[in-house]
Every structure is written in C-alpha cells, then in structure tokens.
Amino acid sequence: MLTIATGNKAVAAAVKEARPSVIAAYPITPQTEIVEQIADYVTGGSLDSRYIPVESEHSAMAACIGASVTGARTFTATSSHGLLYMHEMVNWAAGARLPIVMANVNRSLGPGWNVWAEHTDAFQERDTGWLQVYVGTVQEAYDATLMAFRIAEHESVLLPVMVNLDGFVLSHIMQSLETVDLGDFIPPLRLPHAIDIEHPRGYGTLTGPDEYFKFRWDIERSMRDSVRVIEETQKEFGKRFGRSYGFTEDYRCEDADVLVVAMGTLGKEAEVAVDNLRKEGVKAGSMRIRWLRPFPELDIAGRDVVVIDRDYSFGWGGVIARSLKAKYRVEPFSVIAGLGGQEVTFDDIAGFVRDREPGKEYWFGVNA
Amino acid sequence: MTEIPKEEYILKCTSACAGCSTSLILRYVLKAAGRDTVLVIPACCTSVIQGIYPNTAMNIPIYNVAFAAAAACASGMSEAFSAAGKKTNVIVYAGDGGTVDIGIQSLSGAFERGTDFLYICYDNEAYGNTGMQRSGATPIGARTTTTPGGKIHAKKDLDGIVAAHNPPYMATACSAYPQDLFKKVQKALSIRGPKFIHILAPCPPGWRFSSEKTIEMGKLAVKSGMWLLYEREYGAVTINGPSKAAMIKPVPVEDYLAPQGRFKGISKEALAMLKSQAEKSAKRLKLEADGVC
C-alpha cells in the first residue's frame, strides 16, 4: 500500500507488520512518535503485542532481555541519552545472544543540550556486539526494520540489531512509503537457548576466562556470518518486494574519481551534490555506508575519498574517516559536519569535494 | 502441620558460606514455588551460590541479570510467558543492595505497572557478595567495611516504600521461621499481580557471629522486635504469631546485638536510635493491624 509517513511512523508500521510479542519502551525526543504510534496500534487492537510502558530505558532493554530469553520476539526504540542510559543492558543483550530489534533515532549528547541529529549516540554502542544499520529515507527505515528482525533472529546470527535513523531530518519528515504484505518473510523465532522448564539452565552465570573468551569469539564468528545473512536477506527482500539494498548505497560510483562517503541523510544529500558536480565535469560518486557493524568491504582504492562524519572521537578523529584510513590505507579528506543537527546542504557537500585536501581534517562551519 | 515437598531445586555442594541463611531461604522458596518457576537474580550472593559456568546449582532456570535490572527483566519475562499462555512463576530473588539501592527504580516501575511476579528481597543488611560494604538496608550503628566506625544513617524503610505501591500481597519473613516463609511464598504465588516478601537473612561472616548460630540469630531478631513478621493483604495488616508474642514480652535488643561483631562498640546514641526505631515500627504496625490507621 502506498502512503506517506514520517521516518518514525514508518518504523512503527514495520514493527506492526513484524508482530513482536513484547515491546518495552520509554519515550524520548525525537523517538517519541514511534512508541506513541505503537501504543496506539496495541490499544486499538491492530497489533497483538504486550506493550510494557517502562520507567526508564535501562528497564526497557532489561524487559526486552527478559522477554526475549523466553523465546519471544521483542522490540524497543530509543535515542541519544536514552540509549546511553540503557548502555549496560545494550551490552547484556548482545552477550546474552538475544535477537532484540531496536530503532535508534540518532541524536546528539548533552551538554550543551541539543535534540538534533548526530551519530555519536549509536557510535558509543559500536563495540557491544550489536549489528547496526543506518538508513537514509523513510522507505528505507521501514524496510530496514523489517529485515532487522529476520537478520537478528537467523540461527547463524542471534545478535541484536539497531536500526538508526537521523533525528528530525528523517524521523519527522514525510516521504512516500510503500508498505508490504510480509507473508512468511520473517519465520517464527526459534531461540535455541530459550528458557525451558524441562531443561533448566543457569544464564549469565559467573564465567571463567577460557569460557568467556569463547563466548566473545562466538559473537565475532556470528558477526562474520551475519555478512552472508544480510546479503541473502537484502536480496530476498528485493526479490519479494522490489526494493534492494546493499552494505553501501552506491550512486554514480563506477567511474568516479572522487567518492563522498557518508551515512544516513547526509549520504542521500550527497547524491544531489554528485549530480551537480557531474554537470561541472567533476566525476564524483556517493557511497553511503548503511551497515556500520559488520563493517562493509568498500571499493575505494585508487580514488579520492571525502568522508563526512556526523560523529567524532575526541583526540582521535572522525570515526569513519579514521576507519577507512586504517582499513584501506587511503588518505581521506575528513569533514566533520552535521553535529547537533547542523545544516549541511548538497551545495556544502559539493564544496567539500571541490576544496578537498586529502589527509586533512576539516570542521565545517568552525574556524579550525 | 504444613507439608514441605521433598523435591530439591537447589542442589548440594553450592559455594554458599557456612551457615548461609540465604541458601536456606532459597531452598524453601523454591520448594513452595515448585518446578514451573524461573528465578531472576541481580548481582547478589545468589549469583555466587548459583555456581560457575557451565555448572549450575539450581534445578530450575535461573537468569542472572545486571544489578539494576532484575524487576524490569522480570516484567518482560512475565509478559512474554503470559503472551505465550504459560503460567510459569517469575520470581526475583534479590539482595538488599539490588533492591533498596541500585534496583529500586525498576522495582518501583514493575510494581506500578502491576507486573505479575513475586519479588523477594533477602536482606542481610549489607553488600554481602562483595565483602560487606554498607547498603541502604544496613542498620544504624552497624560496622561494615565502608562504615568502619558504625553506620550513621538509619535503615531504609523498604516495606513502607513497597506498601505505598499498594501491591495485593506483601509480607516479611525470616530464615529462622521456614514454615512461615513457605506458607507466605505459596500464598503470594496464588495471587495475580505484584507480590513482595522481605526476608531477614542473618549472615555469619558479615554480621560476624559463629556460623552455627544462624537460626538462633534470626529468632533473636524477631523475639527482640528488631524484625517484625507480618503480612499485608490488599492493605490489611496481620501480625504473625512470633512478633505478636515479642510485642507483649520482647527479649532485650542487647541480647540480639551482643553476639554480632558488627555491633561491637556501638555508641549509646546509635543503640537508642535502633531501639526507638524498632518501637516506633511495632507501634505503627499494631495500629495498622488494629485498623486504627
């Protein structure tokens, strides 16, 4: 069905389609609309789920953990300080190998108090064992949320998945949305370690170094296996519903001399910049990174790379720029832009490309 | 006489300390709850007693979760079981630290939401698992590793806090009265909604008394009026027999404190405060039981 929706409503609509048994959530700007919409679905009877209105995000993830370990499909949504408040349980969910799906509406961290888009919140959960996908459109928010359940619950993965969408610039803008009739795209969840009264087990018990080490390796092994599962899932989604996705969304990259690498809505904005640059004779392309974990293989060798980070690791650099430098031995032009919802237009992005200085870091809008 | 089932859900040879009342309490809790039960525990002595991976000392599923998260985790579990049409008992078994301090937010949230579960706080009046640091449940005057001069703050009124949430059933119990405890757990589990039992768990290494005196110490706590046994069903208070007797003819508080190293050298002021708090609690409870307030 074709409709129009905000990014938040698209996520809620996908959750309704995926039918989790238990949803536990706490409202936080700019995610609030997701949990309000889900509460409305549950109250109105169009979604047969248990909705637990918890008293904090720490409890939201704890409740999802408790529900998930019984073998139930679970969902929560958060943002910014909410995500940081649940950080302990975010780690716990991955360590406990529970396929929880969470939408995170990317927002900056205070102080200074700011409710607008930034990826730093989710980046603080990079090393927890969660898979992370970043979307650029309302449609993609919907599609990625649906695929997240299937990927998380796949027997080769059994790790939680975080779907990230930019605060306000995606969560609150309206675009066209085509919803799907899901059919059997997401099979019933079969959690091998679900609580079983007939076969009692101890969960989360004290674990010595040798066993703990194996658990960590198992997370990494599943993270590696998830590459195949993501590819298969995205391929099948395309086959069934006509929209296909990759680890990156590449736009006019084939013959590009210079690539703009960004995430989320800035990655979509870069496509307009690329079109305009092409008209000027600059052979530019946009490579929007969708999956941060597992981190994708990128075809960037031998080209100029302009990385726009809507994040920063203080005393180190833009995280994506530094990651590409380390992984591919390139010298990107590292642009730090869009923090705290700073407006970055396609004209600005075209400017980054024109004025690029490989190996340099540039803070947009700041005399740095 | 109450018939206590022979089935054991806590297995032999756990890593509990000698004379541990917590494992004794857990043994009776699980006998009362039966096989179709899941325990949720935050960091506490029980996370040591449950054993080291891949072994478990429990004959029922036990979910060890992060310190502040037990009640919220139980909320999710309870809803998921219910959604799946299962009647499984969800019991949080948490120490005083995980209850009165770090876990109180999630406890309050779960009670306010009406989660169908039983929350048990076994109270050894300190952070026993990590070597006896003070908790919000440590009584005034007690020496712990973080209150080496004796605690200067009063024990937090956990029961008052829980009562303010109006659960359908709440009770206190003590490891020295296992039949009373057994019946209370059974009664609690027969009621839908959030239930709470606060159980005094004397701790030989923490309280510094000889490990064969665990039962005696629990009895002295009740007989001196330092621990009150009662139930609150839909708001109506019933004082249980041992505490009724103690209200008429208590043993001196000093008899309870003297065998415990933690109260050695307690100041006159702290002792007076302890006594006065116990008297006030008993008086208030009696008025409630008599329907006066």
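The sequence lines fix the lettering, A, B, ..., with proteins before strands; numbering per chain opens at 1. Please read these numbers as outputs of a predicted model, since none were measured by experiment.
- Of all the heavy atoms in B/P61 and A/D196, the pair that sits closest is CG-O, 3.9 Å.
- Taking every heavy atom of both residues into account, B/M77 and A/I195 meet most closely at CE-CD1, 3.7 Å.
- For the atom pair OG (B/S78) and CZ (A/R50), the distance works out to 8.5 Å, reported to the nearest 0.5 Å.
- By the neighbour-count criterion of 12 heavy atoms within 6.0 Å, atom CD1 of B/I191 is densely surrounded, having more than that number from other residues, nucleotides or ligands.
- Residue contact with chain B, scored on non-hydrogen atoms closer than 4.5 Å, involves the backbone and the side chain of A/V54 alike.
- Aromatic ring pairs are classed by plane angle as parallel below 30°, tilted from 30° to 60° and perpendicular above 60°; the pair A/Y203 and B/Y63 is tilted.
- With rounding to the nearest 0.5 angstrom, the CD1 atom of B/I62 is 9.0 Å from the OG1 atom of A/T205.
- Neither side chain, A/E55 nor B/S108, offers a donor N or O lying under 3.5 Å from an acceptor on the other.
- Only the backbone of B/T37 comes within less than 4.5 Å of a heavy atom in chain A; its side chain stays farther off.
- Residue with the most contacts toward chain B among A/A60, A/G71, A/A62: A/A62 (heavy-atom pairs, distance under 4.5 Å).
- Of residues 63-70 of chain A, those residues lying under 4.5 Å from chain B by any heavy-atom pair are A/A63, A/I65, A/G66, A/A67, A/V69, A/T70.
- No part of A/D48 comes within reach of chain B, as not one of its non-hydrogen atoms sits under 4.5 angstrom from that chain.
- Of the two parts of A/A72, only the side chain, counted from C-beta on, holds a non-hydrogen atom closer than 4.5 Å to a non-hydrogen atom of chain B.
- The contact between B/R113 and chain A is made entirely by side chain atoms (from C-beta outward), counting heavy-atom distances below 4.5 Å.
- The shortest non-hydrogen separation linking A/G202 to B/Q50 is CA-NE2, 4.5 Å.
- Taken from CG in B/D36 to CD1 in A/I197, the straight-line distance is 5.0 Å, to the nearest 0.5 Å.
- No part of B/A84 comes within reach of chain A, as not one of its non-hydrogen atoms sits under 4.5 angstrom from that chain.
- Crowding of A/E220 atom CD: a count of heavy atoms from other residues, nucleotides or ligands under 6.0 Å exceeding 12.
- If you tally non-hydrogen atom pairs under 4.5 Å between each of B/A80, B/A110, B/G51 and chain A, the highest count goes to B/A80.
- The neighbour count for B/K156 NZ, taken as heavy atoms of other residues, nucleotides or ligands under 6.0 Å away, is above 12.
- Shortest non-hydrogen contact noted between A/E88 and B/F67 is OE2-N, 4.4 Å.
- Residues A/M89 and B/A66 come closest through the heavy atom pair SD-CB, 3.6 Å.
- Within a 6.0 Å radius of CZ in B/F81, more than 12 heavy atoms belonging to other residues, nucleotides or ligands are found.
- Contact record, A/S56 with B/Q105: OG-NE2, 3.0 Å, taken as the closest heavy-atom pair.
- Residue A/F215 touches chain B through its side chain alone, counting heavy-atom pairs closer than 4.5 Å.
- Residue B/A74: no heavy atom, backbone or side chain, is found under 4.5 Å from chain A.
- Side-chain contact check for A/R201 versus B/T56: every heavy-atom pair is 4.5 Å or farther apart.
- Around NE2 of A/H193, the count of heavy atoms belonging to other residues, nucleotides or ligands within 6.0 Å exceeds 12.
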